[in-house]
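Notes to accompany the following structure.
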2 protein chains.
Amino acid sequence: MKQDNRKQTAEHTAMAEAAIGVLDTHFLKALSDPTRVKILKRLILMGASDVGTIAAGLSQDRSVISRHLNTLEQARITTSRKIGRRVFYDIDGPYVVEKVSVILEALGPMAELCTPFDSPQFNSLQAEPSKDGAAA
Amino acid sequence: MKQDNRKQTAEHTAMAEAAIGVLDTHFLKALSDPTRVKILKRLILMGASDVGTIAAGLSQDRSVISRHLNTLEQARITTSRKIGRRVFYDIDGPYVVEKVSVILEALGPMAELCTPFDSPQFNSLQAEPSKDGAAA
DNA sequence: TGCTTATATGCACATGAATGCACATACTAA
DNA sequence: TTAGTATGTGCATTCATGTGCATATAAGCA
């Protein structure tokens, strides 16, 4: 009979586009480095700080921290402001939260549409799903 | 007078711990590769599929796709099931959504607590914030 | 038993990223 | 101007990762 064992059609197509569209690898990659996460933690605790102060609590060289801060800024996770000879960095909280919110919104349908191995071909007890059409 | 120009104390400390705690670099790193994202897109569109089918639509070698699928599985983003000589992979939607939800929950307070350069030292118009204590 | 197909792995290679040192640049202060 | 401090950059090194080819392992089929 070859019933389409996947209900995925328009719903899945739209979801795939939406989900993949918001998966900003640049943004995610910036959060994928342990040192950068440590930097973020320090920024949360201390608020806007200059490079030297941020690097003071970390083991890497100041230049390394400077580069990581640049990476974070390119991902818009942090912003910088130059005051005198120092450059202060701070987390752009609203942007980060907004970004993650959008991702969650787009991925939300996956909780139901991407239940792993849900199609009948993977469940020995398939036959026809007739009976009560749209059951729970 | 040296008032603590940052309101961050217990609130920020707790938030920093929570936020950094859920920032699973392993999970995020798995989502940071373009090829892996393409794989996920195909899995969303086609549902559970074997390696060959997944690789059919992509430019890389099957072995490469196999390795990426392994990476995704180690991050629990996908699950696998061996049927005969084929290995089917599928997205663990509920887990992914749950993961992102937890991240958003933990990062949520950042939207307010991490407004960049919020402290008075960065705003020339500081003085005392008296007057209407907690204004909008 | 062979023969074919599907997936994973060993190996080598290329690319990218993180790191640290030295130095250039930018700014402050005398 | 000269000296001193803060940050960013060039360069080389190291390490991780992605990639593809060849091959091993596993499973179905004749």
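Every chain is numbered from 1, with letters handed out A, B, ... down the list of sequences.
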Answer whether the closest heavy-atom distance between the side chains of A:M46 and B:H12 falls below 4.5 Å.
-> no
Can you tell me how far C1' of C:dA18 sits from CG of A:L69, to the nearest Å?
-> 14 Å
Nucleotide by nucleotide, nucleotides 21-30 of chain C touches protein heavy atoms under 4.0 Å in the pattern (B base, S sugar-phosphate only, - none) B----SBS--
Any side-chain N or O of A:S80 less than 4.0 Å from the OP1 or OP2 oxygen of D:dT7?
-> no
Starting from P on C:dT19, measure out to CD1 on A:I65 and report it in whole angstrom.
-> 7 Å
If only side-chain N and O atoms of B:Y89 are considered, is one of them under 4.0 Å from the OP1 or OP2 phosphate oxygen of C:dA6?
-> no
Are any non-hydrogen side-chain atoms of B:I91 and B:L72 less than 4.5 angstrom apart?
-> no
To the nearest 0.5 Å, tell me how far B:D24 CG sits from B:K99 NZ.
-> 4.0 Å
Assess whether side chain to side chain donor-acceptor pair (under 3.5 Å) is satisfied between A:E73 and A:T78, documenting all intermediate values.
-> CA-CA 5 Å; A:E73 189 168 21; A:T78 59; 5.4 Å; no
Nucleotide nearest A:V87 when distance is taken to its side chain, options C:dG20, C:dA18, D:dT7 | D:dT7
Helical bend (five base pairs per end, nearest 10°) for the helix from C:dT1-D:dA30 to C:dA30-D:dT1 | 20°
A:R62 CZ to D:dT5 P, straight-line distance once rounded to whole Å = 12 Å
Euclidean distance, atom CG of residue B:L31 to atom P of D:dG18 [Å, nearest integer] | 13 Å
Output for pair (B:I20 CD1, A:R42 CZ), nearest 0.5 Å, gives 12.0 Å
Does A:H68 make a side-chain N or O approach to OP1 or OP2 of C:dT19 shorter than 4.0 Å?
-> yes
Quick one: is A:R36 getting a side-chain N or O under 4.0 Å of the C:dA18 phosphate, OP1 or OP2?
-> yes
In whole angstrom, give the distance that lies between atom CD of B:Q74 and atom P of D:dT17.
-> 11 Å
Hey, any chance A:I77 and A:V64 share a hydrophobic cluster, counting ILVMFWY side chains that come within less than 4.5 Å of each other, even indirectly?
-> no
A:N70 has an atom CG; how far is it from atom C1' of D:dG8, in whole Å?
-> 9 Å
C:dA17 OP1/OP2 closer than 4.0 Å to side-chain N/O of A:S32 = no
Would you kindly say whether B:S32 and A:T25 are connected by a side-chain donor-acceptor distance under 3.5 Å?
-> no
A:P109 side chain near A:C114 side chain, heavy-atom distance below 4.5 Å | no
Flag the pair B:I83 / B:D50 as yes when at least one side-chain heavy-atom distance between them is below 4.5 Å, and no otherwise.
-> no
Select base, sugar-phosphate, or nothing to describe what A:D33 touches, counting heavy atoms under 4.0 Å on all strands.
-> sugar-phosphate
Looking at A:F88, does the NZ or CZ of A:R81 lie under 6.0 angstrom from its six-membered ring centre and within 45 degrees of the ring axis?
-> no
Measure from CG on B:L58 to P on D:dG20 and round the result to the nearest Å.
-> 11 Å
Rounded to whole Å, the NZ-C1' distance (B:K29 to D:dC15) equals 11 Å
